[in-house]
Amino acid sequence: MYSAVAVGSLLAAGLSGPLGGVRRQGLAVVVSIVLWGGAIAGFGLAHDIALGLALLALAGAADMVSAILRNAILNVATPDEMRGRLQGVFLVVVTGGPRLGDLEAGSVAAVTSPAFSVISGGLAGIGCLLLVTAAVPALIRYDAKAALAQARERSSQPPASAAAASAPHDRTEAPVVPRPSGGTSRDTLDPSA
């Protein structure tokens with residue numbers, strides 16, 4: 001059963017080429033997560049092993065599609081100077097989120113039953129998604145084509161530090177050397193040193 005999710009993920013990844021043409025990526029992420037939650041809840045209701053395996057494979061495929069599109073959105077919508085930080089947060093969520101889900105599923109199963117735990121977990125995922133989309137409606141409206149145009153426009157504008165460097169300097173002023181940390185402190189080269 002564990003491998004059924006991986007098989008679905010592998011199939012979705014192998015067939016993911018057309019995802020590059022999806023313009024409404026935010027809506028596609030939402031649909032993928034609803035499919036994932038529905039497949040998990042359906043697995044909890046399934047009494048046939050073949051149906052259960054198919055639902056787990058569907059959940060894996062939906063999760064992979066969601067992951068591919070979320071990564072695309074993150075890379076396009078995030079300004080260059082913030083991308084590393086947000087990739088770090090993304091990695092923490094992707095790594096830690098499933099473990100928290102395992103804790104929730106095990107705790108609920110211990111108090112109720114494994115079937116109830118799986119069904120409620122899938123439905124809770126959909127419920128949380130609805131809360132997030134209500135709080136951040138821009139996710140559903142996210143348009144990949146418009147976001148790509150905005151990203152290109154952002155990257156064509158010179159950074160503020162480049163504009164300052166090209167401005168004429170007073171020759172009596174020592175040159176400014178930016179600190180590697182990118183902080184606001186500045187060192188000056190002292191020609192007398």
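Throughout, numbering of the chain's residues begins at 1 and tracks the sequence.
- By the 4.5 Å heavy-atom criterion applied to side chains, Arg24 and Ile140 are counted as neighbours.
- To the nearest 0.5 Å, atoms CG (Leu35) and CG (Leu55) are separated by 11.0 Å.
- Closest heavy-atom contact between Tyr142 and Ala147: OH-CB, 3.2 Å.
- Under a hydrophobic clustering in which Ile, Leu, Val, Met, Phe, Trp and Tyr are joined whenever their side-chain heavy atoms come within less than 4.5 Å, directly or via other members, Val118 and Leu51 fall into the same cluster.
- Leu27 and Trp36 are not part of a single hydrophobic cluster, where members link through side-chain heavy atoms under 4.5 Å apart.
- Nearest approach of Ile73 to Gly26, heavy atoms of both residues: CD1-N, 4.0 Å.
- Of the possible donor and acceptor atoms, none in the side chain of Thr95 sits under 3.5 Å from a partner among the backbone N and O of Val92.
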(request) Step by step, work out the side-chain contact (heavy atoms from CB on, under 4.5 Å) result for Ile49 and Met1. (result) CA-CA 9 Å; Ile49 189 73; Met1 287 189 193; 3.3 Å; yes
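- Under the 4.5 Å side-chain heavy-atom criterion for Ile, Leu, Val, Met, Phe, Trp and Tyr, Leu15 and Met64 are members of distinct hydrophobic clusters.
- Contact record, Gln25 with Ala72: OE1-CB, 4.0 Å, taken as the closest heavy-atom pair.
- Summarising the geometry, atom CG belonging to Leu58 is positioned 11.5 Å from atom CG belonging to Leu11; distances are rounded to the nearest 0.5 Å.
- Atom CD of Glu81 sits in a crowded spot, with more than 12 heavy atoms from other residues, nucleotides or ligands closer than 6.0 Å.
- The backbone N or O of Ala144 lies less than 3.5 Å from no partner atom in the side chain of Arg23, so there is not a single donor-acceptor pair.
- Here Thr78 contributes atom OG1 and Leu86 contributes atom CG; the two are 4.5 Å apart, rounded to the nearest 0.5 Å.
- Cluster membership for Leu19 and Val34, using ILVMFWY side-chain heavy atoms within less than 4.5 angstrom, is shared.
- Considering every non-hydrogen atom in both Ser16 and Ile68, the closest pair reads CB-CD1, 3.6 Å.
- Residue Leu139 is grouped with residue Leu148 when hydrophobic side chains (ILVMFWY) are merged at heavy-atom distances under 4.5 angstrom, including chains of intermediate members.
- Here Arg152 pairs with nothing under the salt bridge (charged side-chain N to carboxylate O under 4.0 Å, His left out) rule; sequence neighbours left out.
- Within the structure, every pair that satisfies the side-chain hydrogen bond (donor to acceptor under 3.5 Å, both in side chains) test and touches residues 54-75, not counting sequence neighbours, is listed here: Ser66-Arg70, Asn75-Gln87.
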(request) Carefully, step by step, assess Ser107 and Leu103 under the rule side-chain contact (heavy atoms from CB on, under 4.5 Å). (result) CA-CA 6 Å; Ser107 301; Leu103 175 65; 4.0 Å; yes
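- For Ser9 (side chain) and Val5 (main-chain N/O), a donor-acceptor pair under 3.5 Å exists by modelled atom type.
- Contact detail for Leu69 and Ala28: the closest heavy-atom pair is CD1-CB, 3.4 Å.
- At least one side-chain heavy atom of Asp102 sits less than 4.5 Å from a side-chain heavy atom of Arg99.
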(message) Could you walk me through whether Ile33 and Ile126 satisfy the side-chain contact (heavy atoms from CB on, under 4.5 Å) test, starting with their C-alpha distance in whole Å, then the side-chain angles of each, then the deciding distance to 0.1 Å, before giving a yes or no?
(response) CA-CA 7 Å; Ile33 295 171; Ile126 295 171; 6.0 Å; no
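- Between Ser32 and Ala62, the shortest heavy-atom distance links the atoms O-CB, 3.3 Å.
- Here CD1 of Ile40 is found 10.5 Å from OG of Ser117. Values are rounded to the nearest 0.5 Å.
- The backbone N or O of Ala6 lies less than 3.5 Å from no partner atom in the side chain of Ser3, so there is not a single donor-acceptor pair.
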